[in-house]
Chemist: 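Take this structure first; my questions come after.
Naming convention: chains lettered A, B, ... in sequence-line order (proteins, then strands); numbering from 1 in each chain. Just so we're clear, the structure is a prediction, and the values are computed from it rather than from any experiment. Below, each value reflects all heavy atoms present in this structure, side chains not excepted, and no hydrogens, waters or symmetry copies.
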There are 2 protein chains.
Amino acid sequence: MSQTVTALLRLRELILSGALAPGERLSELSVVDQLGVSRTPVRAALARLEEEGLLEPIPSGGFAVRAFAVDDIRDALELRGTLEGLAARLAAERGVALPALNEMRRLLDSIDRVIGGGQISAADFSAYIGLNEQVHARLIDVAGSTVVARQIGRVMTLPFASPSAFLEAQGMLPEARAILTLAQEQHRAVLEAIENREGARAEAIMREHARLARRNLQLALGDQEVLRRVRGGALIRHGLRA
Amino acid sequence: MSQTVTALLRLRELILSGALAPGERLSELSVVDQLGVSRTPVRAALARLEEEGLLEPIPSGGFAVRAFAVDDIRDALELRGTLEGLAARLAAERGVALPALNEMRRLLDSIDRVIGGGQISAADFSAYIGLNEQVHARLIDVAGSTVVARQIGRVMTLPFASPSAFLEAQGMLPEARAILTLAQEQHRAVLEAIENREGARAEAIMREHARLARRNLQLALGDQEVLRRVRGGALIRHGLRA
DNA sequence: AGTATACATCTTGTATACAATACTATGGAA
DNA sequence: TTCCATAGTATTGTATACAAGATGTATACT
């Protein structure tokens, strides 16, 4: 693994874990000292994290860890829903080959098996997260647009905007099972809409699907213990927008 | 101006002008030779252009100038419409302060003055382009979401996805005047929709607005002379998607 | 002719020294 | 006390040398 990738992964983790707090200032040399690599990979990593939105440049030099207001999170979720909705609509409008539809169906069947038992174990939940990510990735693929896929990928670099957003928090909800079931219903529904060429329906479903994460966001906001477990939770700043 | 910015601007221009053709391979050292700057700014520029989507990395080393299929262009326009539509909807849902609305109204009045005369001169057209960009920028601002604004900014780094996309080609259409008038109607309509808190209407208008560029795209595709004048026209590859 | 090996070349990753720029602190003058 | 100039410090920009890894080519062997 290159030093650049190492620096990137470690720095990102320091940020998402809260070890580097929102507003904290980072200069190249301070990161060099912290990570013990030379300036060149540090520069590349800093530039990348700026592009991802985790860092913002300070006019007087260096970068600050970005703080995210609750409204920012909501907007990020809405953005993802809008883009995944676009992907779903394109897929419905353009049609999707049967093998790809079947592949998605198989993934959904796997999800059913994971959440269909009685109580959902930690292992089940973990499996669900993995499968959920795959479902979303497939959905973006079947739209058949590299332009759209690339853009969605960029949105999802923020932890709050990924399909797994706040799922750690969800696992702690009393109604965790019910929400998974609802989400899975939406997975099934959007597949059906795509197959039936119902573009507007597909789009609306995916938008609503992304909004499910708002419940988890609310939960995380009301409980410090939960917030601590949420990836990137340390970046959330209570109050109005940044 | 730093060498990095110089390299970035020059390289981008070489690409958009067609001097560097789609598919052409660029290595760091070849660009160093071509631009006469050292590797460090070249690396930064190459990374940036990759992020913007103009270059794609080659597994064996170096970058290739990306070719855009016609479908990619259409998808990029649809993407911009979707995001600007989101911005318009958010603005309508959340409300916009009167001074900001008035600022937009003033810009639209300026556009009316520019296109309201008889024949549209080159200077008029040029002024329209500048004002059009400002209208769009204001529209994104009034949504009041930095998350969404940032994302739209990223989409618009591609020349085909900017509000000015293919406007050079439009200027050559016999019905250029009519299209400007229609676009301006849509500007007025979306402002009204925002003011009236009509989110769905605002969103639909901006989507349709972005699709206007398709006419210009068709024109450019059918006429090499026109295509040559379009910024980034050299990147367009006829045929199906890349 | 096909395959393996050695060597050359290309390309990128990395570290580091030097230069340029911007910011901050300090001292002096009004 | 306030303002301005200067010096010091911090930070980034840049160039370049060295190293590592990948690819391509030539040659020898089967």
Chemist: Donor-acceptor pair, B:N132 side chain versus B:S164 backbone, under 3.5 Å?
Modeler: no

Chemist: Looking at B:Q3, I'd like to know whether one of its side-chain N or O atoms comes within less than 4.0 Å of OP1 or OP2 on C:dA20.
Modeler: no

Chemist: What residues in residues 39-62 of chain A put a non-hydrogen atom under 4.0 Å from any atom of DNA chain C?
Modeler: A:R39, A:T40, A:P41, A:S60

Chemist: CD of B:E28 versus P of D:dT16: gap in Å, rounded?
Modeler: 15 Å

Chemist: Over how many whole Å does the gap from B:L29 atom CG to D:dT16 atom P extend?
Modeler: 13 Å

Chemist: Please report, rounded to the nearest Å, how far the P atom of D:dA15 is from the CG atom of B:D33.
Modeler: 14 Å

Chemist: Distance check, rounded to the nearest 0.5 Å: A:R154 atom CZ versus B:R154 atom CZ?
Modeler: 5.0 Å

Chemist: Is it true that B:D109 and B:R106 have a side-chain N and a carboxylate O under 4.0 angstrom from each other?
Modeler: no

Chemist: Looking at C:dT11, D:dT14, D:dT11, which one has an atom nearest to any side-chain atom of B:S38?
Modeler: D:dT14

Chemist: Could you tell me whether a side-chain N or O of A:E24 sits under 3.5 Å from a main-chain N or O of A:A21, the two making a donor and an acceptor?
Modeler: yes

Chemist: Taking atom types as modelled, find out whether B:E84 and B:H136 have a side-chain donor-acceptor pair closer than 3.5 angstrom.
Modeler: yes

Chemist: Is there a donor-acceptor pair under 3.5 Å between the side chain of A:R10 and the backbone N or O of A:L35?
Modeler: yes

Chemist: In whole angstrom, give the distance that lies between atom CE of A:M1 and atom P of D:dG21.
Modeler: 14 Å

